[in-house]
Amino acid sequence: MPLRLVFRNLTNHWVRTLLTIGSLTVAVFLLCFLRSVLISIDSAVVSSASNRLISQSAVSLFVTLPLSYQGKIDQVSGVAGTTKMNWFGGYYQTQENFFAQFAVDADRLLPNYPEIEIVEGSIEAFVQNRTACLIGTNLRDNYGWKVGDRVPIISALYPRMPEGAWEFDVAAVYHSNRDNIDNNTLFFDFDYLYEAIEADQADGPEGVGVLAVGLRDPGDAEKVSAAIDQLFENGPQRVQTTTEAEFQRQFVGMFGNVPLFLSALGMGVIFAIVLAVLNTMLMAARERVHSVGVMKALGFVDRKVAALLVLESLTICLIGTTVGILLAMLSEKGLRASPMGVFFPGYRISGGTVVLCLIGAVVVGLIAAAIPASQIQRLRPVDALRSEG
Amino acid sequence: MALVPFSYNLRSMFVRKSATLLTIVSIAATVAVLCGVLALEQGFDSLFKEGGRDGILVFLRPGASSEGESYFPRDRADILIKSCSEIEEGADGRPLASAEMYLAVRLKKLDGSETNVPIRGVQQRSFDLAGEMMTFVSGRRPEQGTNEIAVGRGLAGRVQHCVEGDVLTFNTTPFQVVGVFEYDGPFRSEIWGDVDRMQEALERPIFSRVIAKMRDGVDVTAFKQRLEKDPQTPAKVMTETEYLSGQTAMLSGMLLALGAILGTVMGVAAVFTGTNTMLSAIASRTHEIGILLSVGFRRYSIFLGFLLEALLLGLFGGILGSMLSFFLNGVETGTTNWNTFTEVAFAFRITPNLLAKAVGFASLLGLLGGLWPAWRAASMKPTDAMRRQ
């Protein structure tokens, strides 16, 4: 019987109920979005492989290492294998079509990155053909590229001399299920880049940006990275070798105060939700003074009358939150497939986010009902009955 | 017949204090959040745009969009400076121009995390060109040909060793900090030192850009076209204002997108809350509306009256929100400029223009929230309305 009353009260003012649920829905959606962006920023760090190190210049992100360094690092004990990972900084047709491209050692990529799985085409074709490239599934879906297509990429970092664009033949499509390698990347053979620069067909920094170093035993990470750095302690370019997680963290650090700022925004949103629901519950309580009087006169105890209001508030909050979470989950697919997905590789509504939102819904529901419920509880039946409608 | 008296609306807002206040505060929360994001964008944007001068020319390699991507071999920079008659001469008869080297280097922040700080190798002319925009807070300019550097005020207090008398090591060479400078523009987050010494320390025998004072009356557009096609030293030339304006696109775009998402989503929630409040206001005044209609007030004046009430809710919310956001004005923060991958320090900045937009947006939210309730009030039948208690 009380549940039916809750339902009746809610549907009696269905416009108000729907609007309140609506504002909760959008607010919860926003919270899920903000939290998932924060998680996404961290995702590459969290999903990093523990058996890989990254060697880069100790001086600057923009300084390359001499090519001779790779052979020396290969000799360090505990190193299973290395591959170049050279940022290419290009785009397709216009600058808005931005995604990551890396020049790599074609034959060494897969052994060092077992999380890359070929889903179309063949790795042999990628290794054997100098102009071949390997693309992620999202690039295939976003740009409609197929195995066998020739793709022009323009790079400001490595301008191609006469014609402007580099051309790559799609040899294979990969899928990665870990966030440290997203599905929006194009890999191609470093030799293609190197030979073009040597032949004066392209301009750009010599050397290699980053070397990924595979470990025989993840437990050796500290020892091996110290050994590598030691090799080049006195120049010509000092090297900084870190775990992959640490390497990714430097990019997260670049966001500075932004994560904190986003969290502050989230607090603002929560505050606004509490106000919206509180407003609704206050209205509901005010209109109900007369009927509360009737209920009390009929013998309903104070606590039960107040509980009805709390239940209403919780119902609104839980429905609004659930719909908001569902919407956010829909946005997940949309965002990851869209060109914006490049910036949020690990965007996902996690189980933690869902649980947090639901807990939040209960708390908001209780807070919003507290004041009006206590008002109602304190009403004397005689006074309540005297008031009109 | 005239409109419903303004005092009627104003007074009824006061009668329903809690609902009015809650609506105002929830609109204010939306506006404050939005203002926060926009103030961040404004602070960042104006640091760059206002730091530029129209009379100063910036030369980059063709195709480069920032100093980080641009480079000139030493001889080419010299030829470029000597060959351009558009460059003003100094009192000594030599061109008022300077070739600079720019690199984002890894440095540690005070909290131990890593950041990318731009260092600028300069010739003495760079200080002359900076002129009065650069003032030394403490210490002095670095001497030519020595391992001395000056650090921007934006770095002091954020980055390790950025105080006068301390030592910073680039690659393997130590440099001594001899001064701290203030600059009204992005240079305030940079480190300046002698270009030759820096090129040697970093093993980077190139220049990133040339900067020069333009003669009065030079046609920049024509100059641009001529230099673009120059057979000997092709270069991309632009005024400093143009150059700096182009350096903010990425971060500004991200912040504006965030602002748009927040504004829309929280705006929808605020409109729903506003609608709820107005519906409840109208429901409890049904009887009064009946009286108004029967004494001869037109439907449109009832409609406008309630719309005005909703507009006031929005307006007050906007004013309160702007006042809240004012606490952010001038707060210093730092984040990465994704165009150059370097960290810049800047302050939240609230401008009159931004405030006007915020109040306008809030009023719009109020109006949208009041539209349907006001229409509902205006279309009541006087007899039915009077019958309601």
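Just so it is clear, the model here is predicted, and its values are computed rather than measured. Lettering of chains follows the sequences in order, A, B, ..., and the numbering in each one begins at 1.
- To the nearest 0.5 angstrom, A:S60 atom OG is 8.5 Å from B:L202 atom CG.
- Residue contact with chain B, scored on non-hydrogen atoms closer than 4.5 Å, involves the side chain of A:L282 exclusively.
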Legend entry - B:V271 vs A:L19, side-chain contact (heavy atoms from CB on, under 4.5 Å): CA-CA, chis, key distance, verdict: CA-CA 9 Å; B:V271 167; A:L19 286 175; over 6 Å; no
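- For A:A58, the part sitting under 4.5 Å from any heavy atom of chain B is the backbone (N, CA, C, O) and nothing else.
- Residue B:A269 touches chain A through both its backbone and its side chain, counting heavy-atom pairs closer than 4.5 Å.
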Inset, instruction - Could you walk me through whether A:M283 and B:L279 pass side-chain contact (heavy atoms from CB on, under 4.5 Å), step by step? - result: CA-CA 10 Å; A:M283 287 178 202; B:L279 277 179; over 6 Å; no
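- Contact annotation for A:L278: both backbone and side-chain heavy atoms come within less than 4.5 Å of a heavy atom of chain B.
- A distance of 13.0 Å separates CE in A:M281 from CG in B:L22, rounded to the nearest 0.5 Å.
- Taking each heavy atom of A:V63 and B:R204 in turn, the nearest pair found is CG2-NH1, 4.2 Å.
- Smallest separation of non-hydrogen atoms from B:T172 and A:N234: CG2-C, 4.5 Å.
- Put simply, of A:G89, A:A264, A:A272, A:S57, the one with the most heavy-atom pairs under 4.5 Å next to chain B is A:S57.
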Legend entry - side chain to side chain donor-acceptor pair (under 3.5 Å) between B:S18 and A:R286, intermediate numbers included: CA-CA 11 Å; B:S18 63; A:R286 200 176 307 114; 3.3 Å; yes
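- Note that CZ of B:F272 is 9.5 Å distant from CG of A:L18, once rounded to the nearest 0.5 Å.
- Rounding to the nearest 0.5 Å gives a distance of 3.5 Å between CZ of B:R106 and CD of A:Q56.
- Of the two parts of B:F348, only the side chain, counted from C-beta on, holds a non-hydrogen atom closer than 4.5 Å to a non-hydrogen atom of chain A.
- Both the backbone and the side chain of B:T277 come within contact range of chain A, with heavy atoms under 4.5 Å apart.
- For the atom pair B:T30 OG1 and A:L275 CG, the distance stands at 9.5 Å (nearest 0.5 Å).
- When all heavy atoms are compared, the tightest approach of B:W372 to A:V15 is CZ3-CG1, 3.5 Å.
- Between the OG atom in B:S113 and the CZ atom in A:R249 there is a gap of 11.0 Å [rounded to 0.5 Å].
- Residue A:L34 touches chain B through its side chain alone, counting heavy-atom pairs closer than 4.5 Å.
- Legend: residues meeting salt bridge (charged side-chain N to carboxylate O under 4.0 Å, His left out) with A:E312, ordered by chain and number and at least two apart, are A:R288.
- Heavy atoms of A:T25 lying under 4.5 Å from chain B are absent altogether.
- Note on A:N279, A:V26, A:T280: by heavy-atom pairs under 4.5 Å with chain B, the leading option is A:N279.
- Under the side chain to side chain contact (heavy atoms under 4.5 Å, CB included) criterion, B:A104 pairs with A:F62, B:N116, B:T342, sequence neighbours left out.
- Contact record, B:T273 with A:S23: OG1-OG, 4.5 Å, taken as the closest heavy-atom pair.
- Residue contact with chain A, scored on non-hydrogen atoms closer than 4.5 Å, involves the side chain of B:L40 exclusively.
- Judged by distance alone, with hydrogens and angles left aside, the side-chain atoms of B:N171 form no donor-acceptor pair with the main-chain N or O of A:Q237 at under 3.5 Å.
- Comparing B:V117, B:T275, B:L262, B:I119 by how many heavy-atom pairs each has under 4.5 Å with chain A, the most go to B:L262.
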